[in-house]
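Some notes on the structure that comes next.
Read the numbers this way: they start at 1 and go in the same order the structure lists the ligands and their atoms.
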Amino acid sequence: MNNITNPKYNPHDISLLYKYYAGFSVQFVLDMLKGYKISELTIMDPWNGSGTTSKIAGQLGAKEVYGFDINPVMNVIAAAELLSINEFKNIELNSIQNLRNHDIKEDPLEAWFTKTSVRNIRNVELEIMTNLLDETSEPHKFLLLKKELVVKNRLTAFYYLALFETVKRLTKKFNTSNPTWIKVAKNQEEKVKISHKKFEKLFLEELQSKKTVLSKRKKNISQNIILKTQDSRKIPLDDNSVDLTITSPPYCTRIDYAVATRVELAILGFSNDNDFEELRKEMIGTTKIIKNSSEQPFYFSNTAQTFMSNVYNHASKASKTYYYKQFSQYFDGISMSISELNRVSKQNSKIIIVVQDSFYKDIHLDIAVVFEEIFDKYGWSATLKQSFEKKQTMVTINNKTKNYRTISNPTETVLIFERR
Ligand SMILES: C[S@@+](CC[C@H](N)C(=O)[O-])C[C@H]1O[C@@H](n2cnc3c(N)ncnc32)[C@H](O)[C@@H]1O
C-alpha cells in the first residue's frame with residue numbers, strides 16, 4: 001500500500017447520522033478494507049466511537065464485527081448507523097402523556113429544562129419505548145439497565161439518536177466556545193421551557209431528516225455485528241480471534257469525551273454526579289485523577305518515559321502533581337489496551353491505528369512513536385507509517401494552549417502493525 005487516504009473526519013459527509021468530532025472518515029475505512037476477502041474476516045474496533053469501522057465492515061459483509069466503546073451514547077449512535085431504510089418502522093405519536101410532574105424525580109435533564117419540560121420530553125421517549133419495545137417501565141431506566149438490548153435493536157437506537165439531536169437543539173444556548181464543554185442552568189429562569197406539542201413537532205422533524213439520510217444509503221447491513229459498552233482494557237473476546245482491527249484511540253489532548261456527550265448521557269439517565277463521574281473515570285485520557293492507577297507500563301516506551309520526565313520537570317504549575325498523574329494514567333490505559341489487542345489478534349492479523357500527536361505546554365508528545373515502541377515489546381512492527389497534518393483541532397481553539405504550540409497544526413498518523 002503506497003498512498004493512504006487521509007483519515008481526517010469529514011463533517012460535511014452527508015451519509016453520517018451524527019457528527020462525531022473524534023471520528024475518522026468513512027473513505028479511510030473503505031480504503032483500508034480494499035483487497036481483503038471481507039466475508040472471511042472478523043473485524044474489531046475497541047474504540048468504536050460513532051461506529052465508522054463497524055458500519056463499513058458491516059456494509060461490506062464481514063464475517064463478524066465487534067465494536068466496543070466505554071461510552072454507551074456512542075454505542076447507541078453506532079447501532080443507529082447500522083439501520084437500513086427497509087428496517088425502518090414509523091410509529092404513531094399520539095400525544096399520550098403518561099407521566100405527570102411528580103413522576104419526574106431528580107431527572108438529569110433538569111440541569112437544562114424545567115420539570116414540566118422534562119416531563120414532556122420523557123413522555124415522547126416513553127411513547128417510543130412502548131411502541132418499539134413493548135416496555136412500560138421508566139424509559140431512561142430501561143436503557144441504563146439493559147444497554148445491550150438497545151444496542152442490538154437498531155431501530156430503537158435510531159429513534160434515540162433523533163431524541164438526542166432534538167434535545168441538543170434545545171440546549172444549544174448552554175454550549176460554550178469549547179465544543180466539549182456545556183454549562184448547566186444557574187437558576188429556574190435560565191431553564192428551557194418546551195411544551196409537549198412543540199417537542200413532539202421538533203422530534204418528528206428531526207426523525208424525518210435522519211430518515212432522509214437513511215434512504216440514501218446501502219440496504220441490508222450484516223446482522224453479525226456486536227456492539228458493546230466495554231472497556232478496551234478488558235476486551236471480551238477469546239485469544240487469537242480477530243483478523244483485523246481498524247481503530248483510533250482516545251487522544252491525549254485533555255479533551256473530555258464524556259463531557260462532550262453529557263446531554264445524551266442525561267437522556268440515557270446518567271445522573272449528573274455519580275453515574276457521569278463514574279464514566280469519566282473509566283475513560284482513557286480522562287482529566288480526572290484516579291487513585292490506584294499502577295503508573296507502570298509506560299516504561300515500555302522510552303519516548304513516553306522521556307515525555308513524562310519532561311512534564312515532571314516543567315516549571316509550570318501542577319506539572320509534577322496533577323499533569324504528571326494525568327499523563328501517567330493515559331499511558332497506563334493505552335498500554336493495557338495494546339496488551340489486549342495483542343492477546344485477541346490472530347497470528348497473521350493486522351492492526352490499523354490512527355493517532356494524533358499533542359503537546360503539553362511546549363513539550364511535544366509523539367504518540368505514534370509511543371505506540372510503535374509499546375507494540376514492539378509484543379513483537380509487532382509498523383509496516384506502514386504515514387502522517388497527515390490536520391488544519392484545526394479542538395486544542396488549537398483554546399488560546400492558552402496556542403501560546404505554547406511550537407508546531408501550529410497537529411499531525412495524524414496512520415500506523416499499520418503486523419507481527420514480526
Ligand atoms: C478517537 S475516538 C474513536 C472514534 C471512531 N474511530 C469514530 O470514527 O467515531 C476514541 C473513543 O474511545 C472511547 N474510549 C475512551 N476510553 C475508553 C475505554 N477505556 N474503553 C473503550 N473506549 C474508550 C471514547 O468514548 C471515544 O469514543
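- Residue contact check for ligand 1: P46 places a non-hydrogen atom closer than 4.0 Å to it.
- Evaluation of the ring-ring contact (aromatic ring centres under 6.0 Å, His included) test over residues 40-82, restricted to residues two or more places apart or in two chains, returns none.
- In terms of polar-atom proximity, F24 is counted as a contact of ligand 1, with an N or O under 3.5 Å from an N or O of the ligand.
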>> Let's go through S39 and K63 carefully: what are the C-alpha distance in whole Å and the side-chain angles of both, what is the deciding distance for side chain to side chain contact (heavy atoms under 4.5 Å, CB included) to 0.1 Å, and is it a yes or a no?
In response: CA-CA 5 Å; S39 60; K63 189 172 88 187; 6.0 Å; no
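- For the atom pair I38 CD1 and I43 CD1, the distance stands at 5.0 Å (nearest 0.5 Å).
- Ring orientation note: the planes of F359 and H364 are tilted relative to one another, at an angle of 30° to 60°.
- In terms of protein heavy-atom proximity, atom 9 (O) of ligand 1 is nearest to S50 OG, 2.7 Å.
- Within a 6.0 Å sphere centred on NZ of K173, heavy atoms belonging to other residues, nucleotides or ligands number more than 12.
- The atoms of ligand 1 that sit less than 4.0 Å from any heavy atom of E282 are 19 (N).
- When each atom of ligand 1 is checked for a heavy atom of Q230 under 4.0 Å away, the hits are 20 (N), 21 (C).
- Taking the six-membered ring for Trp and thresholds of 30 and 60 degrees, F158 and F88 have ring planes more than 60 degrees apart, a perpendicular arrangement.
- Shown here are the side chain to side chain donor-acceptor pair (under 3.5 Å) partners of S387, two or more places apart in sequence or in another chain: T413.
- In the candidate list W47, Y20, Y21, Y20 is nearest to atom 26 (C) of ligand 1, counting heavy atoms.
- Short contacts between ligand 1 and S232, defined as distances under 4.0 Å to a heavy atom of the residue, involve ligand atoms 18 (C), 19 (N), 20 (N), 21 (C).
- Look at A78 and you'll find every heavy atom at least 4.0 Å from all atoms of ligand 1.
- Under 4.0 Å from ligand 1, not a single heavy atom of T247 appears.
- Considering backbone and side-chain atoms together, D45 places no N or O closer than 3.5 Å to any N or O of ligand 1.
- Ligand-side atoms of ligand 1 in range of T52: 7 (C), 8 (O), 9 (O), range being under 4.0 angstrom from any heavy atom.
- Under the 30°/60° scheme for interplanar angles, the aromatic rings of F199 and F203 are found to lie parallel.
- In this structure, K361 forms a cation-pi arrangement with Y323, its terminal cationic atom sitting closer than 6.0 Å to the ring centre and no more than 45° off the ring axis.
- Nearest non-hydrogen protein atom to atom 16 (N) of ligand 1 is I284 N, 2.9 Å.
- Residue contact check: G23 has heavy atoms under 4.0 Å from atoms 4 (C), 7 (C), 8 (O), 9 (O) of ligand 1.
- At the top of the distance list for atom 15 (C) of ligand 1, counting protein heavy atoms only, stands P250 CG, 3.4 Å.
- Of the N and O atoms on the side chains of T166 and E206, not one donor lies less than 3.5 Å from an acceptor on the other residue.
- Close contacts of ligand 1 with I70, meaning ligand atoms under 4.0 Å from a residue heavy atom, involve 14 (N), 15 (C), 16 (N), 17 (C), 18 (C), 20 (N), 21 (C), 22 (N), 23 (C).
- The nearest heavy-atom contact from the protein to atom 10 (C) of ligand 1 is S248 O, 3.6 Å.
- Atom CE in M44 sits 11.0 Å away from atom CD1 in I246 (nearest 0.5 Å).
- Considering backbone and side-chain N/O of M283, none are found under 3.5 Å from N/O of ligand 1.
- Atom 4 (C) of ligand 1 has as its closest protein heavy atom A22 O, 3.3 Å.
- Here is the list of ligand 1 atoms found below 4.0 Å of a heavy atom in R233: 19 (N).
- Judged by a 6.0 Å distance limit and a 45° cone about the ring axis, K320 is positioned over the six-membered ring of Y312.
- Annotation: atom 5 (C) of ligand 1 to nearest protein heavy atom, N48 O, 3.6 Å.
- At a heavy-atom cutoff of 4.0 Å, ligand 1 is contacted by no atom of S337, backbone or side chain.
- What sits closest to atom 25 (O) of ligand 1 on the protein, heavy atoms only, is D69 OD1, 2.7 Å.
- At least one donor-acceptor pair closer than 3.5 Å links the side chain of T212 to the backbone N or O of Q208.
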